Amino acid sequence: MKGVLFDLDGVIADTAVYHFAAWRHLVKKHFNAELPDKLEEKTKGVSREDSLHIILDFLGIQVPQEKFTALAAEKNQAYVKALDALSEKDILPGIKDLLDDFKKHNIKISLASASKNGPLILEKLGLTDYFDAIADPAKVTAGKPAPDIFLAAAFALNISPYDCVGIEDSVAGVKAINSAGSVSIGVGGDELNHADKRFNSTADLNYQDILEAWKAYNHN
Ligand code: B16
Ligand code: MG
């Protein structure tokens, strides 16, 4: 194991709640409609535009391209505003220790988030210096569940994806890690049983178990 590819929302910080709150607000304002909880999982790890497609499909609404772009921009404005209050206290349990352990063992750390706000969020959390690379989701062709962002995150470290583990909280994200050929670590419930190794929460993540998982499941 030479590198670790981190998802952000739901793994490093619980920004998923802000994402979905912003979508709910947008949909209420423009279409006077409600979104059910089950839609949150479907938009986790999925790009801003793909999330909006999923939401409009659910509502059975079609909008012209111009309106689509405006809606995506408005959601992002609300989301970024909600991030204002984000600070070190919002780092999920166990993550700081885990980052320290990876550093101690000379494992390179890369960000594989679908979020274009990734660098801003890392900055607010005071974690930027831990990261040897940040893959740019604007530069990859296909979002999760396609492997592209994890491949980009590994290549940015100059490390083969086979020598990396990826850590994810979303169904789409675990699929993406598996397709990239890295060892997948899921953080969450049974919906993540397609991960090579699953932990119930970030507090359970630890270097030793992750290393064991890589030894057991790597594709080299
Ligand atoms: P943005 P991750 C993903 O981040 C979120 O889970 C998903 O809900 C969001 O739509 C996506 O980022 C895009 O985010 O609108 O900030 O570019 O889980 O891949 O770290
Ligand atoms: Mg996530």
Side-chain angles (χ1 to χ4, degrees), residues 4-27 35 37-58 68-84 86 90-92 95 109-125 127-128 131 133-140 142-153 166-180 182 184-189 191-192 194-195 198-199 201-202 205:
V4 57
L5 317 174
F6 266 95
D7 176 47
L8 205 175
D9 292 313
V11 171
I12 294 177
D14 194 10
T15 36
V17 289
Y18 301 123
H19 274 296
F20 205 59
W23 285 126
R24 276 199 157 131
H25 183 78
L26 186 86
V27 158
L35 297 177
D37 292 347
K38 67 164 201 271
L39 221 60
E40 183 169 352
E41 184 55 52
K42 297 219 166 89
T43 56
K44 261 193 203 168
V46 176
S47 76
R48 195 180 310 161
E49 289 73 19
D50 289 348
S51 298
L52 184 52
H53 279 302
I54 290 170
I55 288 166
L56 292 176
D57 281 353
F58 169 81
F68 185 94
T69 308
L71 286 170
E74 189 177 330
K75 181 268 174 179
N76 190 53
Q77 255 178 16
Y79 175 65
V80 170
K81 191 149 197 316
L83 295 180
D84 254 358
L86 208 69
D90 295 297
I91 299 171
L92 282 167
I95 291 298
I109 302 174
S110 189
L111 192 72
S113 170
S115 176
K116 293 177 182 129
N117 295 298
L120 169 74
I121 296 172
L122 287 185
E123 202 60 51
K124 285 193 167 284
L125 299 173
L127 295 177
T128 305
F131 284 78
I134 295 177
D136 184 353
K139 290 200 180 128
V140 303
K144 302 170 187 179
D148 305 28
I149 193 78
F150 285 96
L151 295 174
I167 309 183
E168 259 290 348
D169 71 313
S170 73
V171 172
V174 168
K175 280 187 194 159
I177 299 171
N178 290 343
S179 305
S182 303
S184 56
I185 307 291
V187 186
E191 74 280 5
L192 301 183
H194 53 314
R198 184 176 68 78
F199 296 84
S201 86
T202 57
L205 289 169

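Everything numeric in this text was worked out from a predicted model, so none of it was measured. Both counts, for ligands and for their atoms, begin at 1 and track the order of listing.
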When you measure from the side chain of [X] to the backbone of [Y], do you find a donor-acceptor pair of N or O atoms at a distance under 3.5 Å?
X      : Y      : answer
His194 : Val171 : yes
Asp7   : Gly173 : no
Ser51  : Val46  : yes
Arg198 : Gly188 : yes

- Message: I need the Tyr79 OH to Ser115 OG distance, nearest 0.5 Å.
- Response: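 Nearest 0.5 Å value for the OH-OG distance: 5.0 Å.
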- Note on the structure: Between the CD1 atom in Ile121 and the CG atom in Leu83, the distance rounded to the nearest 0.5 Å is 5.0 Å
- Message: Using a 4.0 Å cut-off on heavy atoms, what residues surround ligand 1? Order them by chain and number.
- Response: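 Under the 4.0 Å cut-off, ligand 1 touches Asp7, Leu8, Asp9, His19, Thr43, Lys44, Gly45, Val46, Ser47, Arg48, Ser51, Lys75, Tyr79, Ser113, Ala114, Ser115, Lys116, Asn117, Lys144.
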- So does Lys116 pair up with Glu49, basic N to acidic O under 4.0 Å? yes
- Are any of the side-chain nitrogens in Asp148 or Lys139 under 4.0 Å away from the carboxylate oxygens of its partner?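 No, no charged N to carboxylate O under 4.0 Å.
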- List-wise, which protein N, O or S atoms are found short of 2.8 Å from the Mg ion (ligand 2)? Asp7 OD2, Asp9 O, Asp169 OD1
- Query: Would His25 and Lys75 count as having a side-chain donor-acceptor pair, cut-off 3.5 Å?
  - Reply: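 No, no side-chain donor-acceptor pair sits under 3.5 Å.
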